[in-house]
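A short write-up of the structure that comes next.
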Amino acid sequence: MAESLRGLGYSTATALADIVDNSISAGASSVDIQFEWNEADPYITILDDGRGMDDAELENAMQLGARNPLEERSVSDLGRFGLGLKTASFSQGRRLTVASRRKGEGKVCLRWDLDLLSVPGNEGWHLYEGPDLASISRLDALENVPHGTLVLWEKLDRVAGQGFTVQDYLNLQDEVQKHLAMTFHRLLGSGGDGLLLTLNGQPIAPWDPFMVGHPGKAWASPEYTLSGGSDIRVQCHVLPHKDMLKSRELEQAAGPGGWIVQQGFYIYRNRRLLVAGGWMGLEHAGRSLTRDEPHRLARIRLDIPNSADADWKIDIRKSSARVPVRFRRQLLMLAQEAREKARRVFAHRGQWSPAPQRQPVVEAWVAEKSAGATRYRISREHEAIRSLLDRSGPLRKELNALLRIIEETVPVQRIWLDTAEDTETPTNGFSGAPEPEVLELMQITWGNLVEHRGFQPEEARARMLLMAPFDRFPDLVAKLPA
Ligand SMILES: Nc1ncnc2c1ncn2[C@@H]1O[C@H](COP(=O)(O)OP(=O)(O)O)[C@@H](O)[C@H]1O
Ligand SMILES: [Mg+2]
């Protein structure tokens, strides 16, 4: 059984993240991971300054299924199955030694060794006390913290197979560093919860998939709470077009898996990242949303509480999750909006990318929220409306009445139903309309701006670029007057 548990599919990076989770759950403020080469017999230690364990706690911690997965956990607990310490460790090596010390107490230490478990005639599950004699000094670092835990992985047969070189070991550390920078980015450093995570003594800087605060950031939605019960929060992001990034930033922003892989949903549980990218098998019109080049700038943050583990089918490795059916429709709509915006930013190159001081687009419709209800109004600021109102003379009253009638009869229910039923999303914004049709409307608006409002062509062009729906057609606007 112990041998079978090695095959759960951890990578070195995900296994280490699972050990770091335990440190965080134990209240650690710093965690140091050390990779020792040890002349091609490498070992890895993870030291934390968490609350530590006493004898009984450590003995329990070393058991498989140390805790019942059905048990309610404190809100900040990152564990679930009571397996991680063992399964993550065995996935990498054959010997696991854990030493721990609570504040003001003595050190305790226990060890599993798969080689000793499998010795014929050695019946039973032998959990050994203390480190292997040759490894005593490898636990020394525990003396550097007032209380805490040190995990030692040895006999790393799954890390260092035949032909494994120092360079491979260094590359592995690089991969681990990137993975941890991503997994714990919201917990790390001054911007996060102040966790100090170091790799061979070097602090790991957080990697933020959403580039929050970058001046070239194309779009971020408000934070939504999904309807349907538990506290699930979502925020959609569209990253800057590549022209807005310096080449180093561009490389950084891509993330460990590269641009294509890193698009889509980022699912967090207690601010710890579980899933980095992918469209969660969401489907539209019978086809799965796929990760592709045009949508690479779309990334969606999704926060779930740890009470929702079973609902979201969090796996033992904490690397996968599934969207419960009742949230699929809502997430699909958010995903499609983010994807569409991302595609436009991607496709329109620098022209479309909003400049940092970019002015807001003048929409034809505005949503007004008051007393919990939303009303949809036609914007009187939109050029098409404004110029008509200005020139309406005796018809002004009637025109205003018409606008009111339209506003009061927006088929909100109908649109909502059509959108919610799994048919095509209602279209607008000229989607699919032939170019001449768009151009014709543009020319009418252009005429209004130049002839009636007296704008110079360049000013008129600038206004058109900031006017819905023409803001979506910068290449056509550039051709005006056609
Ligand atoms: N670094 C640590 N510091 C304190 N306690 C720990 C540490 N690592 C593990 N433990 C204890 O061991 C238990 C089992 O850990 P684990 O096998 O990872 O399962 P889980 O994290 O799902 O509870 C934890 O619930 C915790 O009580
Ligand atoms: Mg754990």
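Counting from 1, the numbers follow the sequence of the chain as shown. Order of appearance sets the numbers: ligands from 1, and atoms from 1 within every ligand.
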For atom 1 (N) of ligand 1, is there a protein heavy atom at a distance under 4.0 Å?
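Yes, there is one.
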Would you say atom 24 (C) of ligand 1 has a protein heavy atom nearer than 4.0 Å?
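Flag for atom 24 (C) of ligand 1 set to false, no protein heavy atom closer than 4.0 Å.
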Have R301 and Q235 got a donor and an acceptor in their side chains that come within less than 3.5 Å?
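Yes, side-chain donor-acceptor contact under 3.5 Å.
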Any side-chain donor-acceptor pair under 3.5 Å between N171 and Q167?
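Judged by distance alone, the side chains do pair up.
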Looking only at heavy atoms, is any part of [X] under 4.0 Å from ligand 1, and if so is it the side chain, the backbone, or both, or is it neither?
X    : value
A26  : side chain
D48  : side chain
R73  : side chain
R80  : backbone
T149 : side chain

Looking at W259, I'd like to know if the NZ or CZ of R291 sits under 6.0 Å from its six-membered ring centre while staying within 45 degrees of the ring's axis.
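Negative - R291 is either too far from the ring of W259 or too far off its axis.
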Mutual orientation of the aromatic rings belonging to W207 and Y266 [parallel < 30°, tilted 30-60°, perpendicular > 60°]:
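Correct class here is tilted.
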Please name the residue in the list F265, W219, F210 that meets the ring-ring contact (aromatic ring centres under 6.0 Å, His included) test with H237.
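Among F265, W219, F210, the one that satisfies the ring-ring contact (aromatic ring centres under 6.0 Å, His included) with H237 is F210.
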Considering both backbone and side-chain atoms of A66, is one of its nitrogen or oxygen atoms within less than 3.5 Å of a nitrogen or oxygen in ligand 1?
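N/O-N/O distance under 3.5 Å: no.
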Looking only at distances, can you tell me whether any N or O atom of G84, backbone or side chain, sits closer than 3.5 Å to an N or O atom of ligand 1?
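Yes; at least one N/O pair falls below 3.5 Å.
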Return the closest protein heavy atom for [atom] as residue, atom name and distance.
atom                    : result
atom 16 (P) of ligand 1 : L85 N, 3.5 Å
atom 17 (O) of ligand 1 : K86 NZ, 2.7 Å
atom 18 (O) of ligand 1 : N22 ND2, 2.8 Å
atom 19 (O) of ligand 1 : G82 CA, 3.1 Å
atom 10 (N) of ligand 1 : M53 SD, 3.8 Å
atom 12 (O) of ligand 1 : A61 CB, 3.0 Å
atom 27 (O) of ligand 1 : R67 NH1, 4.7 Å

List the residues meeting side chain to side chain contact (heavy atoms under 4.5 Å, CB included) with D140, not counting sequence neighbours, and say none if there are none.
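Checked D140 against side chain to side chain contact (heavy atoms under 4.5 Å, CB included); matches are S137.
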Can you tell me if Q263 uses its side chain to pair, donor with acceptor, with the backbone of A298 under 3.5 Å?
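Side chain of Q263 to backbone of A298: no pair is present.
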For the pair N306 (side chain) and S74 (backbone), establish whether a donor and an acceptor sit closer than 3.5 Å, ignoring hydrogens and angles.
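Such a contact is found between N306 side chain and S74 backbone.
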Show me which atoms of ligand 1 lie under 4.0 Å from any heavy atom of [X].
X   : answer
F81 : 22 (O)
G79 : 20 (P), 21 (O), 22 (O)
L83 : 17 (O), 19 (O)

From R272 atom CZ to I267 atom CD1, the distance as rounded to the nearest 0.5 Å
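Here the rounded value is 12.5 Å.
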Roughly how far apart are I33 CD1 and L180 CG, rounded to 0.5 Å?
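Here the rounded value is 5.0 Å.
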Any heavy atom of G50 closer to ligand 1 than 4.0 angstrom?
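No, G50 has no heavy atom closer than 4.0 Å to ligand 1.
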Quick check on the Mg ion (ligand 2): does S25 put an N/O/S atom closer than 2.8 Å to it?
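S25 does not place any N, O or S atom closer than 2.8 Å to the Mg ion (ligand 2).
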Pairs meeting criterion ring pair (Phe, Tyr, Trp, His ring centres under 6.0 Å) with involvement of residues 55-81, two or more places apart
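Matches after skipping sequence neighbours: none remain.
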Verify whether the ring centers belonging to W365 and Y376 lie closer than 6.0 Å.
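When the ring centroids of W365 and Y376 are compared, they turn out to be at least 6.0 Å apart.
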May I ask you to check whether over 12 heavy atoms, not counting those of K107, lie within 6.0 Å of atom NZ?
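Buried by this count: over 12 neighbours within 6.0 Å.
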